[in-house]
Every structure is written in C-alpha cells, then in structure tokens.
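A short write-up of the structure that comes next.
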Number of protein chains: 2
Amino acid sequence: MTAPAAPVRLLLADDHPVVRAGLRAVLETEPDFEIAADVPTAEEAVALAARLDVDVVLMDLQFGGRMLGSRATAEITARPGAPRVLILTTYDSDADILAAIEAGATGYLLKDAPPDELAAAVRSAAAGKSALAPAVALRLMDRMRTPATALSRRETEVLQLVADGLSNAAISKRLFLSQATVKSHLVHIYSKLGVDSRTAAVAAATARGLIRR
Amino acid sequence: MTAPAAPVRLLLADDHPVVRAGLRAVLETEPDFEIAADVPTAEEAVALAARLDVDVVLMDLQFGGRMLGSRATAEITARPGAPRVLILTTYDSDADILAAIEAGATGYLLKDAPPDELAAAVRSAAAGKSALAPAVALRLMDRMRTPATALSRRETEVLQLVADGLSNAAISKRLFLSQATVKSHLVHIYSKLGVDSRTAAVAAATARGLIRR
DNA sequence: CCCGCCCTCCACCTTTCGATGGATGCCGCG
DNA sequence: CGCGGCATCCATCGAAAGGTGGAGGGCGGG
C-alpha cells in the first residue's frame with residue numbers, strides 16, 4: 001500500500017481530437033498515471049483495450065453520431081481480466097446512464113468535471129470502486145424515487161414514433177396495431193409521466209432521457 | 001508578409017476544463033500562437049477580451065445551461081477595435097449558427113475538428129477572413145436552398161413552447177395572445193416546415209436545429 | 001407610396017386526440 | 001393456481017387541435 005505502486009495505465013477513447021488532447025494534458029500531470037494510447041473510435045478502443053493491457057478505459061458515449069459507446073463498453077468488459085471502463089460524456093441522459101451501467105461501466109463522469117475530480121474517479125476505477133459524478137448520482141437517486149419512470153418496451157416504441165411526429169393512425173399502421181391500442185399505450189404513458197398530451201409526453205421523456213432525439 | 005509577424009494572441013472561453021486544456025495543448029504547439037488566457041465563463045471572456053487586447057477569441061456557445069455565448073460574442077464585437085470571435089461548439093444547430101453570425105462571430109467551428117483545421121481557422125480569423133467548418137458550411141447551403149426554413153421570431157417562440165409540451169391555451173396565456181393567434185402561427189409554421197401536426201413540427205424543427213430541446 | 005411580410009385577431013367547420021370504461025390472452029411470481 | 005402486469009382490442013363522447021378564409025395595423029424596401 002505504501003510502496004510506489006505500478007502506474008495506472010489508461011486508454012482514452014473520444015472522437016474529438018481536442019478532448020483527447022485535453023484529457024492527455026490533464027491526466028499526464030498525475031505522476032501515477034500512464035497513458036497507453038488515445039483513439040478516435042469505439043472500435044479501436046475495443047481492439048486496443050485487449051492488446052495494451054490497460055487498467056482503465058476512459059470512453060465517450062457519442063462517437064460521431066454512431067451509438068457504439070455502450071456496445072464497446074459491453075465488449076470490453078465481457079472479456080476475463082478486462083479493464084475498468086469509465087464513461088466520460090457531455091450529457092446526463094437517464095437512458096444513456098442506465099445503458100452504460102448495464103454494459104458494465106464502472107463509473108460515469110461528465111465532461112465538465114474539474115481535473116481533480118477526474119483524477120480521483122480514475123483512481124477509484126482502478127481500485128475497482130464505482131465512480132459517479134455528483135450530478136449523475138443525483139439523477140439516479142431521483143429516478144429511484146419515482147418508480148413510475150419505467151416505460152415498457154412497447155410503450156417506449158410508441159412514444160418514440162410520437163416524438164418522430166407520427167399520428168396515431170400512422171403509428172398503428174407502422175406497428176400493425178389498431179388505433180385503439182395505440183391510444184391505450186398513450187394513456188398508460190401519460191399516467192406514468194404525469195402528463196396529459198402527446199407533446200408534453202415527448203417533452204417529459206426527452207428531458208428524462210427515455211427516448212432518443 | 002515574409003517577416004516573422006507578431007504572434008496571434010488568443011483567448012479561450014469554455015466551461016469544460018478538459019476542453020480548455022485540450023485547446024491549449026493543440027494550439028500551443030503552433031509557434032505563431034500565444035494564449036493570453038483561458039476562462040470558464042462568458043462573463044470573464046467579455047471582461048478579458050477588452051483588457052488583454054487579444055486578436056482572436058475562441059468561444060463556446062453553451063456555458064453550463066446558460067445561453068450567454070452569443071450575447072458575449074455580441075458584446076465583444078460591439079466595441080471598436082474588437083478581437084475576432086471564433087465560435088467553437090459541439091453542435092451544428094441552425095438557430096445557434098445564425099445567432100452567432102448575427103452576433104458578429106467571424107467563424108463557426110465544431111469541436112470534432114482536427115487540430116490543423118482548427119489552427120487554419122484561427123489564422124483566417126486573425127487575418128479578418130471568415131472561417132466555417134465544412135459541415136457548418138454545408139448546413140448553411142442547405143438552408144439557403146430551402147427558403148421555407150426560416151421561422152420568424154414569434155413563430156420560433158411559439159414552436160419552442162409547443163416542444164415544451166404546452167397546449168395552445170397554455171401558450172396563449174404565456175405569451176398574452178388569443179388562441180386564434182397561436183393557431184395562426186402554428187398554421188404558418190406547419191406550411192413552412194411541410195408538416196401537418198404539432199408533434200411533426202417539433203420533430204422537424206429539432207431535426208433542423210431550429211429550436212433547442 | 002405601395003407591396004409584402006410579420007403579427008395580431010375572428011368565425012366556422014372537420015378531424016384528431018384524449019378520457020372513460022371496459023374485454024381478452026399471455027406470462028411470471030408467490 | 002390465482003393474481004397482477006403487459007399487450008392487445010373495442011365503443012363512445014367531449015375537448016383540443018387543425019383547415020379555411022378572412023381582416024387590420026406596423027414596418028421596411030423597391
């Protein structure tokens with residue numbers, strides 16, 4: 001414990017060159033960190049995580065439109081002796097957070113985190129402890145407190161089409177349902193979200209990150 | 001022209017410490033750049049832009065929820081002998097771009113720009129030339145081609161409230177209008193966006209970046 | 001000065017949506 | 001096995017939203 005431990009080996013994955021450079025700059029100043037590589041795509045992160053035997057992967061969730069961040073996380077953590085994965089992203093969308101944690105992420109940080117918080121999170125992750133940014137933790141607590149937030153698969157599907165601007169008739173055709181069924185789903189959605197119109201449901205769901213935009 | 005010109009003095013404004021560090025790291029390697037300061041708020045950017053007599057300000061548009069980026073740009077460029085302002089942001093929302101250009105920004109870059117593109121844009125800006133990221137330029141061309149895309153101030157205001165989930169009655173109260181007026185605005189919005197329902201209008205407008213989520 | 005655009009408002013009518021109150025089959029859990 | 005949650009379906013009714021066709025004032029540019 002008191003002996004100078006082996007350095008924490010890091011892999012940075014983010015599609016923004018500026019962010020990669022920033023993470024390098026911020027983390028390189030920590031004497032016990034060693035940055036093995038930085039990559040611009042989720043695919044390269046998966047490949048190098050295995051090859052370079054790193055301790056912690058710092059990964060963005062949004063890779064230029066492609067939603068591969070959480071999948072990459074799942075693939076990395078699936079292997080035995082896998083490194084810890086720390087999600088580092090701009091948004092605190094509920095859906096993203098849940099997906100990342102289910103995919104096996106050890107922590108979830110926001111990009112506006114100050115450098116010392118970032119370094120602390122990396123050390124926590126390396127030690128196997130979970131690390132959540134305060135803002136993210138609050139959000140999770142909030143979600144736990146309101147159990148009604150969980151929409152069923154079908155309800156989410158319907159709501160997503162509503163958000164895309166489709167009418168009930170169009171949705172019923174798309175999903176091979178009757179309009180009555182679509183309305184039933186909507187009624188349930190409204191009561192779960194505490195709203196009373198389709199537009200309000202979309203607003204509430206996007207605010208809570210239940211559907212993608 | 002051939003003489004080693006005075007260095008380009010830069011001011012960086014971004015609320016993300018990591019991004020500030022990244023910009024520093026990327027731009028410091030250019031021998032003809034000199035970073036006068038970096039600040040985490042729009043207010044400080046306005047204050048220091050005057051005091052440090054910089055040549056180019058690199059400014060984020062989103063400052064921790066506050067929409068002050070474009071206002072800060074306007075305040076900086078309003079003064080005589082003002083520096084050029086380069087907007088550097090994550091999103092290519094039409095509304096944001098227009099607001100920034102109207103506020104007097106010299107260029108608009110996306111944060112996923114490679115370092116050399118970034119440096120080139122800074123030099124362009126310092127020389128007084130406009131600089132637009134290719135993706136942004138494309139978007140603007142696109143907008144020019146579809147003249148119907150431009151919503152009036154009032155229409156945007158109404159549509160934003162629709163996107164927030166308000167009913168026509170609620171909107172009319174909020175804006176001190178009659179419901180008839182709200183409906184009129186909506187009819188115009190629908191025809192401009194080529195849709196025929198409020199939810200579809202919201203979907204189309206967010207897709208084109210006309211309103212913020 | 002007139003034209004066009006924006007903003008505001010009105011009346012009437014049609015369509016869609018939401019509210020209510022059911023029913024059925026399926027599946028997992030205690 | 002029975003209960004509850006989910007997904008599916010139904011009919012009816014009133015309310016909200018959308019369609020049509022106006023009208024008038026303000027403001028800027030040709």
Side-chain angles (χ1 to χ4, degrees), chain A residues 95 98 143-144 146-206 208 210-211, chain B residues 94-95 98-99 102 143-206 208 210-211:
Chain A
L98 263 286
R143 161 190 283 259
M144 295 307 167
T146 31
T149 314
L151 296 184
S152 74
R153 205 175 6 253
R154 199 59 159 175
E155 285 162 355
T156 308
E157 207 175 352
V158 169
L159 187 52
Q160 181 62 60
L161 293 179
V162 169
D164 290 343
L166 276 66
S167 69
N168 289 349
I171 294 172
S172 69
K173 272 174 211 133
R174 181 79 74 88
L175 298 181
F176 304 105
L177 298 177
S178 78
Q179 285 200 41
T181 305
V182 174
K183 287 186 173 192
S184 277
H185 287 309
L186 284 177
V187 167
H188 297 145
I189 292 168
Y190 298 159
S191 83
K192 284 183 181 178
L193 296 182
V195 299
D196 57 359
S197 79
R198 45 178 52 228
T199 44
V202 170
T206 47
R208 301 188 203 177
L210 266 37
I211 52 177
Chain B
D94 282 23
L98 264 285
E102 274 168 22
R143 159 188 286 257
M144 296 308 167
R145 243 178 269 120
T146 30
T149 312
L151 296 184
S152 74
R153 204 173 9 251
R154 201 56 159 176
E155 286 162 355
T156 308
E157 209 174 352
V158 168
L159 186 52
Q160 181 62 59
L161 293 178
V162 169
D164 291 344
L166 302 198
S167 69
N168 289 348
I171 295 172
S172 70
K173 273 175 209 134
R174 180 80 73 89
L175 298 182
F176 304 105
L177 298 177
S178 78
Q179 285 200 41
T181 306
V182 174
K183 286 187 171 191
S184 273
H185 287 310
L186 284 177
V187 167
H188 296 147
I189 292 168
Y190 297 159
S191 85
K192 283 183 180 178
L193 296 182
V195 298
D196 58 359
S197 78
R198 48 179 48 225
T199 46
V202 170
T206 48
R208 301 188 204 177
L210 265 36
I211 54 177

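- A close approach under 4.0 Å does occur between a side-chain nitrogen or oxygen of B:H185 and OP1 or OP2 of C:dT8.
- Residue B:S152 places none of its side-chain N or O atoms closer than 4.0 Å to OP1 or OP2 of C:dC6.
- Rounding to the nearest 0.5 angstrom, the gap separating the CZ atom in A:R154 from the CD1 atom in A:I189 is 11.0 Å.
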Report task. Please lay out, stage by stage, how A:L193 and A:L210 fare under the test side chain to side chain contact (heavy atoms under 4.5 Å, CB included). Result -> CA-CA 10 Å; A:L193 296 182; A:L210 266 37; 3.8 Å; yes
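- If you check every strand for non-hydrogen atoms under 4.0 Å, A:T181 touches a base.
- Taking atom CG on A:L159 and atom P on D:dA7, their separation rounds to 13 Å, with Å as the unit.
- Here A:R154 reaches the OP1 or OP2 of D:dT8: one of its side-chain N or O atoms lies under 4.0 Å away.
- When rounded to the nearest whole Å, the span between NZ of B:K192 and P of D:dG18 equals 17 Å.
- Taking all atoms of both residues into account, the shortest heavy-atom contact from B:G165 to A:S197 is O-OG, 4.0 Å.
- Following rounding to the nearest Å, B:I171 (CD1) and C:dT8 (C1') show an atom-to-atom distance of 16 Å.
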Report summary line: With B for base contact, S for sugar-phosphate-only contact and - for none (protein heavy atoms under 4.0 Å), nucleotides 16-26 of chain C reads -BB--------
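- Rounded to whole Å, atom C1' of C:dC6 lies 13 Å from atom CG of B:L151.
- In plain terms, the two heavy atoms of A:V162 and A:I171 that are nearest each other are CG2-CD1, 3.5 Å.
- Once rounded to the nearest 0.5 Å, the distance linking OG1 of B:T199 with CG of A:L161 reads 11.0 Å.
- With rounding to whole Å, A:R153 atom CZ is found 10 Å from D:dC6 atom C1'.
- Counting to the nearest Å, the C1' atom of D:dA7 and the CD1 atom of A:I189 are 12 Å from each other.
- In this structure, a donor-acceptor pair under 3.5 Å is absent between the side chains of B:T181 and B:S184.
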